[in-house]
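Worksheet: the structure to be examined is printed underneath.
Order of the sequence lines sets the chain letters (A, B, ...), proteins ahead of strands, with each chain counted from 1. Values below: every heavy atom of this structure, side chains too, minus hydrogens, waters and symmetry copies. What you are looking at is a predicted structure, and each value in this text was computed from that prediction instead of being measured.
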Protein chains: 2
Amino acid sequence: MKVIIPFKSRGAKSRLCAVLNEEEREEFARYMLRDVLKAICAAGIDSATIICTAPTDLALEGLNMEVCIVFDKRGLNDVLNDVLRHEGAPLLIIMADLPLLSARNIKEILSHEEDVVLAPGRKGGTNILFLRKPQQFAVDYYGVSFLDHISTARRRGLSVAIYDSFLVSTDIDEPDDLIELLIHGANKEAANFLKKIGVELDVNKEVRLRRRS
Amino acid sequence: MKVIIPFKSRGAKSRLCAVLNEEEREEFARYMLRDVLKAICAAGIDSATIICTAPTDLALEGLNMEVCIVFDKRGLNDVLNDVLRHEGAPLLIIMADLPLLSARNIKEILSHEEDVVLAPGRKGGTNILFLRKPQQFAVDYYGVSFLDHISTARRRGLSVAIYDSFLVSTDIDEPDDLIELLIHGANKEAANFLKKIGVELDVNKEVRLRRRS
């Protein structure tokens, strides 16, 4: 089985600009990637391929696994569908902005026997996709990819399972998503980074985010 | 085992005002409650108690279960802690705004052996709480209730399990939450109501909500 993690290395996480400056956003994205890799490793998987949009230092020190980095400037769908066409073995595609991902999540996803396993993200995203027969599938990550991927699987006669997880659904795109990371991300590198730079919960009547000056 | 569903019968779901008028919001809240009750019933539970803030017609026709309705003007914590103090049997507290809740979710929550099972909602909420020893616990639904409930359990020597579900985490408070209901809520009464009154997905580059005029 192969694990692929698409990673946007330049201009990542622009919607967090109200809370983090550009340099911080790029550093934060790398910590989230490390959290994802650590969950994969803790699930007993010893290698992964990161597909990067541009050359960058990914700061992968100290991870006890083999990480292969591929640079590709093409869009996400083109890159991944190219991989799918040439891949005979089962393939696990994991988004890089899922710092709450746990080893249990990965093991449970892999334990399904269906041809296609989808873990939804908010607003119709597909945060994890497990393909037992990658050559028979094609991804489309734009729009409501979750519904599109289910349609594609059914049209191609592939069986589908939906993996229901709050932790996997929590992709970090907007400032409010950081609230989830701070609440549920004890011991996650991305959460520790936020705390280090002063981003913390502001709990009054409602839960908000604040940054110490 | 007893199931309790707190339900705000007046002025419910005010944050949906950009999409639904007051009458529609109250009707929508009742449909969500029906979806929750149907999931409970499908999980093999044949009775539930709804705690209402004000007398209202809950439109519970056609549900194949015994529903007891209690009116209580007090705040959520006061009402529930009063129930807990007098309850010897295990207690399942389910929020009324979880239309995506499935029978599988409920069965999985009840299968845990821990004293306290918590299913998180967004922004630190506790969407489902299962208490095997209600008299030894006290709820606090304000602030980051998820973390507060874990602290309470630990302080009182109760074992804790966290139930990780995207469907259970999706409480419907804000317009964006309706997007989740429309994507994942096929066959849910609350989703059908939205479609009937013209609230639908607007899928372009980003997924938004729109209302047909």
Q) Looking only at heavy atoms, which of residues 26-51 of chain B get nearer than 4.5 Å to chain A? A) none
Q. Does the side chain of D164(B) come within less than 4.5 Å of R104(A)'s, by heavy atoms?
A.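 In contact.
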Q) Considering only heavy atoms, which portion of R208(A) lies under 4.5 Å from any heavy atom of chain B: side chain, backbone, both, or neither? A) neither
Q. Looking at Y163(A), F166(A), F146(A), which one has more heavy-atom pairs under 4.5 Å with chain B than the rest?
A. F166(A)
Q: Would you mind checking which part of L147(B) comes under 4.5 Å of any heavy atom in chain A, side chain (CB onward), backbone (N, CA, C, O), both or neither?
A: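 The side chain, not the backbone.
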Q: With a 4.5 angstrom heavy-atom cut-off, could you sort out which part of I179(B) is near chain A: side chain, backbone, both or neither?
A: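 Looking at I179(B), just its side chain touches chain A.
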Q) Closest heavy-atom contact between G124(A) and E180(B)? A) N-OE1, 4.4 Å
Q: Please name the pair of heavy atoms, one in K123(B) and one in I183(A), separated by the smallest distance, quoted to 0.1 Å.
A: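 Shortest heavy-atom contact: C-CD1, 3.8 Å.
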Q. Should we count CD of E22(B) as having more than 12 external heavy atoms under 6.0 Å?
A.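 No, CD of E22(B) has 12 or fewer neighbouring heavy atoms, counting only those of other groups under 6.0 Å.
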